[in-house]
Amino acid sequence: MNELDPELPATQSGPFPLTEVLVTHRVEWHDTDASGHQHHSAVLRWVEAAEAELLRGRGLDWLFGRTPRVRHEVNYRARLWFGETVTTRLRVVTLGRTSLTYTFEVRGREGVAAEGNLVVAHAEPDAPSATPWPEQVRKALGEHLTTTAERTK
């Protein structure tokens with residue numbers, strides 16, 4: 001069962017298996033601002049921690065340092081308080097030639113507290129710009145995804 005959507009199995013959405021991860025943790029003191037609830041930057045740290053779990057779980061931890069963030073968008077829906085248990089769900093939704101789009105959702109006791117998208121690019125350390133994803137990454141993350149080029153046909 002999927003913790004965030006009880007109607008869906010944990011590894012499936014429609015006819016395709018998902019490339020997703022759920023990470024549960026507590027809101028720590030350093031995650032809060034002077035108001036006592038989460039600082040806006042905490043959500044992005046939690047998303048990046050979920051990304052690390054997803055990549056490690058697929059043997060792709062060598063990608064760290066090769067995936068700069070090129071865009072993120074966050075919609076804040078509710079406050080999360082110190083000590084509250086939160087779950088971050090990160091899902092791969094698009095695998096392009098050189099970029100990858102994640103969607104994410106952070107939930108607390110009141111439901112969705114933040115949701116949004118994160119776009120990363122693949123860039124080899126010495127390359128002057130984005131580079132195509134290696135086949136190993138495509139196999140690990142994108143076998144079930146429709147690529148950007150396939151959607152525009």
Side-chain angles (χ1 to χ4, degrees), residues 2-5 8 10-25 27-28 30-33 35 37-80 84 86-108 110-153:
N2 185 320
E3 288 179 40
L4 298 177
D5 189 345
L8 297 176
T11 59
Q12 187 170 324
S13 174
F16 303 112
L18 292 178
T19 301
E20 77 173 17
V21 66
L22 296 173
V23 177
T24 301
H25 57 275
V27 177
E28 299 297 341
H30 64 267
D31 296 323
T32 63
D33 64 13
S35 302
H37 61 76
Q38 91 278 6
H39 187 267
H40 68 91
S41 65
V43 168
L44 294 174
R45 283 195 313 275
W46 298 333
V47 168
E48 286 186 339
E51 178 190 26
E53 287 298 315
L54 185 138
L55 295 177
R56 280 189 200 105
R58 287 172 173 68
L60 299 174
D61 51 331
W62 56 270
L63 278 175
F64 294 109
R66 292 181 166 95
T67 54
R69 282 75 188 93
V70 297
R71 181 176 185 279
H72 67 264
E73 177 180 19
V74 183
N75 297 309
Y76 296 93
R77 307 285 184 206
R79 294 182 284 184
L80 299 166
E84 187 172 344
V86 298
T87 301
T88 301
R89 174 177 147 193
L90 180 77
R91 180 185 298 189
V92 176
V93 292
T94 305
L95 183 62
R97 189 177 75 79
T98 61
S99 67
L100 181 149
T101 303
Y102 296 108
T103 187
F104 62 85
E105 184 177 84
V106 177
R107 288 182 164 263
E110 302 294 323
V112 177
E115 60 188 352
N117 297 297
L118 170 65
V119 180
V120 300
H122 178 257
E124 287 298 328
D126 296 331
S129 62
T131 53
W133 291 105
E135 190 59 30
Q136 179 182 358
V137 175
R138 291 196 164 285
K139 285 183 178 180
L141 296 180
E143 288 183 326
H144 67 282
L145 296 173
T146 302
T147 65
T148 306
E150 290 171 340
R151 282 199 316 267
T152 57
K153 288 181 184 177

Legend entry - Rounded distance [0.5 Å steps], OG1 in T87 versus NE2 in H25: 8.0 Å

Inset, instruction - Please report the closest heavy-atom contact between S129 and A123, naming both atoms and the distance. - result: O-CB, 4.2 Å

Inset, instruction - Mind listing the closest non-hydrogen atom pair of E84 and G108 along with its distance? - result: OE2-CA, 3.4 Å

Legend entry - Distance-minimising heavy-atom pair for L80 and W46: CD1-CZ3, 3.6 Å

Legend entry - Derivation and outcome, side chain to side chain contact (heavy atoms under 4.5 Å, CB included), residues L100 and H122: CA-CA 8 Å; L100 181 149; H122 178 257; over 6 Å; no

Legend entry - Residue pair E135, R138: steps toward the salt bridge (charged side-chain N to carboxylate O under 4.0 Å, His left out) verdict: CA-CA 5 Å; E135 190 59 30; R138 291 196 164 285; 5.1 Å; no

Legend entry - Between CZ on residue R79 and CG on residue D33, distance to nearest 0.5 Å: 10.0 Å

Inset, instruction - Quick one: do W133 and L63 satisfy side chain to side chain contact (heavy atoms under 4.5 Å, CB included)? Show the steps, please. - result: CA-CA 10 Å; W133 291 105; L63 278 175; 4.2 Å; yes

Legend entry - Exam field: side chain T131 to backbone E124, donor-acceptor pair closer than 3.5 Å: yes

Inset, instruction - Return the minimal non-hydrogen interatomic distance between V119 and S99, and the atom names on each side. - result: CG1-CB, 4.2 Å

Inset, instruction - Take atom NE2 of H37 as the centre, draw a 6.0 Å sphere, and report whether it contains more than 12 heavy atoms from other residues, nucleotides or ligands. - result: yes

Inset, instruction - Would you check if L118 and L44 make a side-chain contact, meaning some heavy-atom pair closer than 4.5 Å? - result: no

Legend entry - Results of salt bridge (charged side-chain N to carboxylate O under 4.0 Å, His left out) for E110 - residues two or more places apart only: none

Legend entry - Sidechain-backbone polar pair: T94 side chain, T101 backbone, donor-acceptor under 3.5 Å: no

Legend entry - From D31 atom CG to Q38 atom CD, the distance as rounded to the nearest 0.5 Å: 9.0 Å

Inset, instruction - For R69 and T67, indicate whether the former's side chain and the latter's backbone hold a donor-acceptor pair under 3.5 Å. - result: yes

Inset, instruction - Locate the shortest heavy-atom distance separating N117 from F104; write the atom from each residue and the value. - result: N-CE2, 3.4 Å

Legend entry - Donor-acceptor under 3.5 Å (T103 side chain, G116 main chain): yes

Legend entry - Inter-residue atom distance E48.CD - E53.CD, 0.5 Å rounding: 13.5 Å

Inset, instruction - Would you give the length of the straight line joining atom CG of L60 to atom NZ of K139, rounded to the nearest 0.5 angstrom? - result: 12.5 Å

Legend entry - Separation between OH of Y102 and NE2 of H72, rounded to the nearest 0.5 Å: 15.0 Å

Legend entry - Shortest non-hydrogen contact between Y76 and H40, atoms and distance: OH-O, 2.9 Å

